[in-house]
Visitor: 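Just passing along the structure, written as C-alpha cells.
Here the structure is a predicted model, which is why all the values come from computation and not from measurement. Every chain is numbered from 1, with letters handed out A, B, ... down the list of sequences.
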There are 2 protein chains.
Amino acid sequence: MTAVYSSAAPAFVAVDWGTSSFRAWLMAGDGTELAESRGGEGMLHCATSGFAPVLADHLAKLGASADVPVLICGMAGARQGWAEAPYLHTPTRLDALHAGAIRVATDGDVRILPGLAQARPDQPDVMRGEETQLLGVTEPDFSGIVCIPGTHSKWIRIDAGAVIDFATYMTGELFAVISQHSILVHAVEPGGSGAEDGGPFRAGLASILAAPTSLTSALFRLRAAQLLGFEQRSDGAARLSGLLIGAEIADARARFGAELPLRLIGAGRLGQLYREALAVTGFDVNECDAEQASRRGLIKAARQIWGARF
Amino acid sequence: MTAVYSSAAPAFVAVDWGTSSFRAWLMAGDGTELAESRGGEGMLHCATSGFAPVLADHLAKLGASADVPVLICGMAGARQGWAEAPYLHTPTRLDALHAGAIRVATDGDVRILPGLAQARPDQPDVMRGEETQLLGVTEPDFSGIVCIPGTHSKWIRIDAGAVIDFATYMTGELFAVISQHSILVHAVEPGGSGAEDGGPFRAGLASILAAPTSLTSALFRLRAAQLLGFEQRSDGAARLSGLLIGAEIADARARFGAELPLRLIGAGRLGQLYREALAVTGFDVNECDAEQASRRGLIKAARQIWGARF
C-alpha cells in the first residue's frame, strides 16, 4: 500500500549519523523540516548497543509512521557501522550518489548513502558524510573548491558536478591531541577554542604562512615563547589554531589553487576562523551551514530514490 | 682539605639529569670513566621525591667520596628542577658554558650547567642538556650544523665555536601522541619504532620530501591507504617515522642549509633512521654517540671549573 503525500505531509526521514552524533529530521516533500531529533548515539555508541533501536527511538520522537522511508548518510554506512555502503570511487558525479545507496535488512525502507574513496596509491583518501554535504551545496554543473573544516577537514575539487580530487587534513584532531597529550598541555588552556582572541590566531596564521614547512618546530616555539615571556598561556589555544589551520590552508592552496570559487561549509566559531584565514590567503569565500548542507543533500538524494512519492 | 688526585683517581662526577632519566659517571682527570650509575629518577620523579637524596644514592653506588665535586647538565637546572641555572642567551660560545654554572645549596661542591635560550620573538627556543653535548662534539673553532634527534629534536648552527641559531622539532613527541591518541592508533602497531622495515620508512620520507607542507594530510593518508588496501598496518610505524623525520629534515634543510658539515648526535635505531634520511637529503653526515657527547661536554666544562684539580 503506497501512502499519498501532500507537499506538507511527511515524505521521508533524513538522518546524519556520524561517529559520535545522531541527527534526524522529518521532512516534507517540498523540503520543509517538520520535526527534528538529535542525540549522542553515534556509530561508536551503536557499535555496542545496536543501530535499529536507536533509529526506532528517534523515529518515535519525530512522530514518524512506520512506513515513512529513511535515508541516512555518514558513518552508519562504514564497515564497522550498521551496514556497509561501499565507497563510490572518484571521479564521480555527486548526483550519482543515490545510485550507491544500500538498503538495510530491517523493518521499513531504510537506506544508507555511500561515502567516497579516492583509490589512488599516491593520494589515497576517504570520506563518509561530507559527500552528502557536497551534494547539498552544489548545483549539478558546479565547478570549484569546497572546504569542510572539522576534526578531519576536507578539501574537495569539483569539476562540472563531479568530485575529481580531495584531501583530508587532521587539523581538528591534531589540535585536540597536541593540546591534551603533548608538552603543549602547559601552553594551551583547557577548553580554549582559539576563537576568543583574533590577535594570537592571526599571529599563528601569519607565522606558518610565512614558513609553511615549519609546523613541527612552530609547535615547540609556542611553548618556548611562553617560557621566555614573549607570549601568554591564555593566547596558546588561539595561536595553536592559527598554526594548524594555517598549515592546512597553505598546503591546500598549493594543491587546489586559490583561483576557483570556494564554498566553505561551516558555521559558528570554527567557520569564523576559517573564513578569516581563507580571506587572508586570497580565497573568495562563500559560506554555508553544515547541517543545512547535510539536510539539502539528503533531500536531493531522497528525491532521486523515491521521486514518485514527492 | 684538598685531596690530591692522580690522573687515574676520581676527579669529579659527571651527571646527565634529564626529564625522565638519570646517568652519572665517576671520572678520572684524564677523562677515563671509572664507574657508572643510572636510573629512572629524572626531573619529573625528583620534583616530588627531592633531588639531593637521589644524587646521594647514586654517589654511594659510584663509590665516590663526599668531597668529589659534581657537575650536572640537563633538566635538573630548569625552573621546576633542583635549582635554576638561568639560560645563557644566544649567540654564545660553547666554551663559555661553565661560566653560567650555578652552585647548588647542598653538601659538597655540586654545580649545574645552564641551558641555552634563543630569546628572539620570531624564533624563540630553548634547550637544556643538548648544549653540553654540543660542547662535547665540537672543537673550539668548529663551524657547521649539529642535529640531535629525539623527543624534541634539535638543529643547531655553530659558527667558530659559538651557537648562533637553533630550532627544536617535536618529532619524537608527535610520533608518540599521534600513534597513541589519534585515529592513527588503528594504523600503527604499538611498540613499532619504524626501524624494522626500511621500505615503508623510505616511502614515507620520499612522500613528505616531495610535498613538505603536506604533513597534516599525509597523516590521514596513512590511515586511508590501509583502509583502501594499499598498505599494511605492520608498516604504519615505519611510515609515520618517515613522514615526521622527513618533515623535520625538509624544514631544517631550508633553514640551516645542507652545505655545511653536519654532526649527528645519536646512536641506535633512531640514529640509523636519521643517518639514512640525512644522506637522502644531501647532507654529509658525521655521527657521534649521544651519551659520549654528554660525558665529553661535562669533562670539558669540569676542567674549566676545577682545572687546578686535574
Visitor: Going from CZ on B/F220 to CE on A/M127, what distance comes out if it is rounded to the nearest 0.5 angstrom?
Guide: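 Here the rounded value is 9.5 Å.
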Visitor: Select one option (side chain, backbone, both, neither) describing which atoms of B/E231 are under 4.5 Å from chain A's heavy atoms.
Guide: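 Contact with chain A: none, neither part.
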Visitor: A quick test of your reading: do over 12 heavy atoms of other residues, nucleotides or ligands sit less than 6.0 Å from CZ of A/R263?
Guide: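 Enclosed: over 12 neighbouring heavy atoms sit under 6.0 Å from CZ of A/R263.
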Visitor: Where on A/F230 is there a heavy atom nearer than 4.5 Å to chain B: the side chain, the backbone, both, or neither?
Guide: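 Only the side chain of A/F230 comes within 4.5 Å of chain B.
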Visitor: Could you have a look at A/L244, A/V177, A/T168 and say which one has the most heavy-atom pairs with chain B under 4.5 angstrom?
Guide: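 So the answer, after comparing A/L244, A/V177, A/T168, is A/T168.
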Visitor: Apply the side-chain contact (heavy atoms from CB on, under 4.5 Å) test between A/S217 and each candidate in B/D125, B/D251, B/T171; give the one that qualifies.
Guide: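 For A/S217, the side-chain contact (heavy atoms from CB on, under 4.5 Å) check succeeds only for B/D251.
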Visitor: Sort A/H181 into side chain, backbone, both or neither according to what part of it lies under 4.5 angstrom from a heavy atom of chain B.
Guide: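 Both parts, heavy atoms under 4.5 Å.
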Visitor: By a 4.5 Å heavy-atom criterion (distance strictly below it), what part of B/I208 contacts chain A: side chain, backbone, both, or neither?
Guide: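 For B/I208, neither part sits under 4.5 Å from chain A.
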Visitor: What distance separates B/T213 OG1 from A/R255 CZ, expressed to the nearest 0.5 Å?
Guide: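 Separation between the atoms: 10.5 Å.
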Visitor: Is chain A contacted by the side chain of B/L228, its backbone, both, or neither, given a heavy-atom distance below 4.5 Å?
Guide: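 Side chain only.
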Visitor: Among the options A/S214, A/A167, A/P212, A/P121, pick out the one with the most heavy-atom pairs lying under 4.5 Å from chain B.
Guide: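 It is A/P121.
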Visitor: With side chains defined as the heavy atoms from C-beta onward, is the minimum distance between A/L219 and B/E173 less than 4.5 Å?
Guide: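 They are not in side-chain contact.
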Visitor: Under a 4.5 Å heavy-atom cut-off, does chain B meet the side chain of A/L222, its backbone, both or neither?
Guide: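 Contact with chain B is absent: no heavy atom of A/L222 under 4.5 Å.
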Visitor: Which answer fits B/R120, side chain, backbone, both or neither, if we ask what part of it has an atom under 4.5 Å from a heavy atom of chain A?
Guide: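 For B/R120, the backbone is the part near chain A, not the side chain.
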Visitor: Less than 4.5 Å apart, any side-chain heavy atom of B/L174 and any of A/T216?
Guide: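 Yes; the side chains approach each other to less than 4.5 Å.
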Visitor: Using every non-hydrogen atom in the two residues, find where A/A224 and B/P124 come nearest and quote the distance to one decimal.
Guide: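 For A/A224 versus B/P124, the nearest heavy atoms are CB-O, 3.6 Å.
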Visitor: Say you draw a straight line from NE2 of B/H152 to CZ of A/R223; how long is it, rounded to the nearest 0.5 Å?
Guide: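 Going from the NE2 atom of B/H152 to the CZ atom of A/R223 covers 9.0 Å.
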Visitor: With side chains defined as the heavy atoms from C-beta onward, is the minimum distance between B/I183 and A/M170 less than 4.5 Å?
Guide: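 SC-SC contact between B/I183 and A/M170 confirmed.
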